[in-house]
Amino acid sequence: YAKCGLLAVARQIFDKLQIQDVVSRTSLLVGYVEHGYGVEALESFEHKQHNGFTPDAVMLVCSLKACGSLGAKAKGQEIHYEVERRGMFGTDPVIGNTLIDVYAKCGLFAIAQQMFNKLFVRDVVSWTVLIASYVEQQRSNAALKCLEEMKLEGILPNAATFVWSLKACGSIGAKMKTREIHADIERRGLLKNVDVANTLVSVYAKFGLLAIAEQVFDKISNRDVVSWNALMAGYIEVGESGNLFYMFDKMLGQGTKPDLVTFVIVLSACSSMGMFAKGLFYFEAMSKGYGMVPALEHHTCMVNVLGRVGQLEKALALIMKMPFYPD
RNA sequence: ACCGGGCUAUUUGGA
């Protein structure tokens, strides 16, 4: 129930358990973390003090993850101290990796680096987390250096490593490096991983290399809405909105349902091309045709469309009447 | 002795 996001049910069952041990607590905690309830997750962790039991390595990792998702530096550090005090840093390989990630997610990159340096064993996750941390610091050259370094150390990059390395390439426009990593991915048969394939499409699309993006896209056997979105976003990049609307229809034809992101992309295209009527059409199609509720982002796109065609009063009126606080 | 429940990184979007 926790994994499925039925947290109230999970909670009810947990409360009824005759024995609430560290595993059942952690199960609940994981449910909260994975569904974006970091605060509740930490609350259920705090609860341990009152019930006088000691969290094990798994529970500490899950609580640290909650800190990462919240950017809760102090709490993260507190749990880190507990880890050190109990001498668990070296005994559980997962804890060290998690600490790197948590500090990076809290923006404490120097400490994240320290954690990496302190590790006794650096596995593919350790390296990938470090690469991700460099990308987030906008030090993508350093991230790509790490990729080479880990290979020299004999650690084989996996799907997640490639995803982050490709993001690094994307953020600094490293087209040749992208091709190199792409070749590696094909060689390793990792294009079967839809996350990797989608990232490749997205990076090529952002470079405006639509022909290559399409090539990759065509090779994806298990295409999902993200694949389509990534490609469509590329058409905005090169100003080919005609192709974008064509792909939108093609996607529907192949039975893939658009999601909220799809409509942000479509509406962005309308606004960047100054297509007011088309924008309005898709905006209304969201609720009327697809039973979706336009979010703030979609309204923002419409404000943008109106602004670009000079309809400032209407743009303002939309801001005033939309069901969101304008940001 | 072995096995069985909860753990770490990972894809697309507006301003």
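Side chains are part of it too, since the values below use all heavy atoms of this structure and drop only hydrogens, waters and symmetry mates. So you know, we letter chains A, B, ... as the sequences are listed, proteins then strands, and number each from 1. No experiment lies behind these values; they were computed from the predicted model shown.
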Exercise. Looking at A:N304, does any N or O in its side chain come under 4.0 Å of the phosphate oxygens OP1/OP2 on B:A15?
Worked result: yes
Problem set entry | Flag, side chain of A:D92 to backbone of A:M88, donor-acceptor distance under 3.5 Å | no
Problem set entry | Neighbour count above 12 (heavy atom, 6.0 Å) for A:K192 NZ | no
Exercise. Can you tell me how far P of B:G14 sits from CE of A:M322, to the nearest Å?
Worked result: 17 Å
For this session: Calculate the interatomic distance between A:I220 atom CD1 and B:U12 atom C1'; express it in whole Å.
Result: 11 Å
Exercise. What does A:V163 touch in the nucleic acid at a heavy-atom separation under 4.0 angstrom: a base, only the sugar-phosphate, or nothing?
Worked result: sugar-phosphate
For this session: Let me know the distance between CD of A:E34 and C1' of B:A9, rounded to the nearest Å.
Result: 13 Å
Problem set entry | Among B:U12, B:A9, B:G14, the one nearest A:S268 by side-chain distance | B:G14
For this session: For A:V22, report the nucleic acid contact type (base, sugar-phosphate, nothing); a contact means any heavy atom under 4.0 Å.
Result: base
For this session: Nearest whole angstrom, please: distance from the P of B:U8 to the CG of A:N97.
Result: 11 Å
For this session: Would you mind classifying the nucleic acid contact of A:T26 as base, sugar-phosphate or nothing, using non-hydrogen atoms under 4.0 angstrom?
Result: base
Exercise. So what does A:D56 touch, heavy atoms closer than 4.0 Å: a base, only the sugar-phosphate, or nothing?
Worked result: base
Exercise. B:C7 P sits how many Å from A:D123 CG, rounded?
Worked result: 18 Å
Problem set entry | Nearest listed nucleotide, side chain of A:T128, among B:U12, B:G6, B:A9 | B:A9
Problem set entry | Side chains of A:L130 and A:M150 in contact at under 4.5 Å (non-hydrogen atoms) | no
Exercise. Is it the case that more than 12 heavy atoms not belonging to A:K314 sit under 6.0 Å from its NZ atom?
Worked result: no
For this session: Counting heavy atoms from C-beta on, name the nucleotide in B:U10, B:C7, B:G13 closest to the side chain of A:V30.
Result: B:C7
Exercise. Reckon A:K206 has a side-chain N or O less than 4.0 Å from the OP1 or OP2 of B:G13?
Worked result: yes
For this session: For the side chain of A:D259, starting at C-beta, report the closest nucleotide among B:U12, B:U8, B:G13.
Result: B:U12
Problem set entry | Nearest listed nucleotide, side chain of A:N158, among B:A9, B:G6, B:U11 | B:A9
Seminar exercise, completed: Of the listed B:G6, B:A9, B:C7, the closest approach to the A:V94 side chain comes from B:C7
Exercise. Any donor-acceptor pair under 3.5 Å linking the side chain of A:R139 with the backbone of A:S133?
Worked result: no
Exercise. Whole-Å distance between B:U10 P and A:K167 NZ?
Worked result: 8 Å
Exercise. Just checking A:T300: base, sugar-phosphate only, or nothing, at a heavy-atom cut-off of under 4.0 Å?
Worked result: base
Exercise. When you measure from the side chain of A:R223 to the backbone N and O of A:F217, does any donor-acceptor pair fall under 3.5 Å?
Worked result: yes
Problem set entry | Minimum-distance nucleotide (side-chain atoms of A:D327 versus B:U12, B:C7, B:G14) | B:G14
Problem set entry | Phosphate OP1/OP2 of B:C7 contacted by A:K65 side-chain N/O (<4.0 Å) | no
Exercise. What's the closest nucleotide to the A:A160 side chain, out of B:A15, B:U10, B:G6?
Worked result: B:U10
For this session: Side chain of A:N198 only, please: which of B:G14, B:U12, B:U11 is the nearest?
Result: B:U11
Exercise. What is the distance, rounded to the nearest whole Å, between atom NE2 of A:H298 and atom C1' of B:G14?
Worked result: 8 Å
Exercise. When we call it a touch if two heavy atoms are under 4.0 Å apart, what does A:V129 touch: a base, just sugar-phosphate, or nothing?
Worked result: sugar-phosphate
For this session: Would you please confirm or rule out a distance under 4.0 Å between OP1 or OP2 of B:C7 and any side-chain N or O of A:K3?
Result: yes
Problem set entry | Protein-nucleotide distance (A:I79, atom CD1; B:C7, atom P), rounded to Å | 17 Å
Exercise. Are the side chain of A:T178 and the backbone N or O of A:A174 linked by a donor-acceptor pair below 3.5 Å?
Worked result: yes
Exercise. Base, sugar-phosphate alone, or nothing: which one does A:D224 contact when heavy atoms must sit under 4.0 Å apart?
Worked result: nothing
Exercise. A:D195 has a side chain; which of B:U10, B:A15, B:G5 sits nearest to it?
Worked result: B:U10
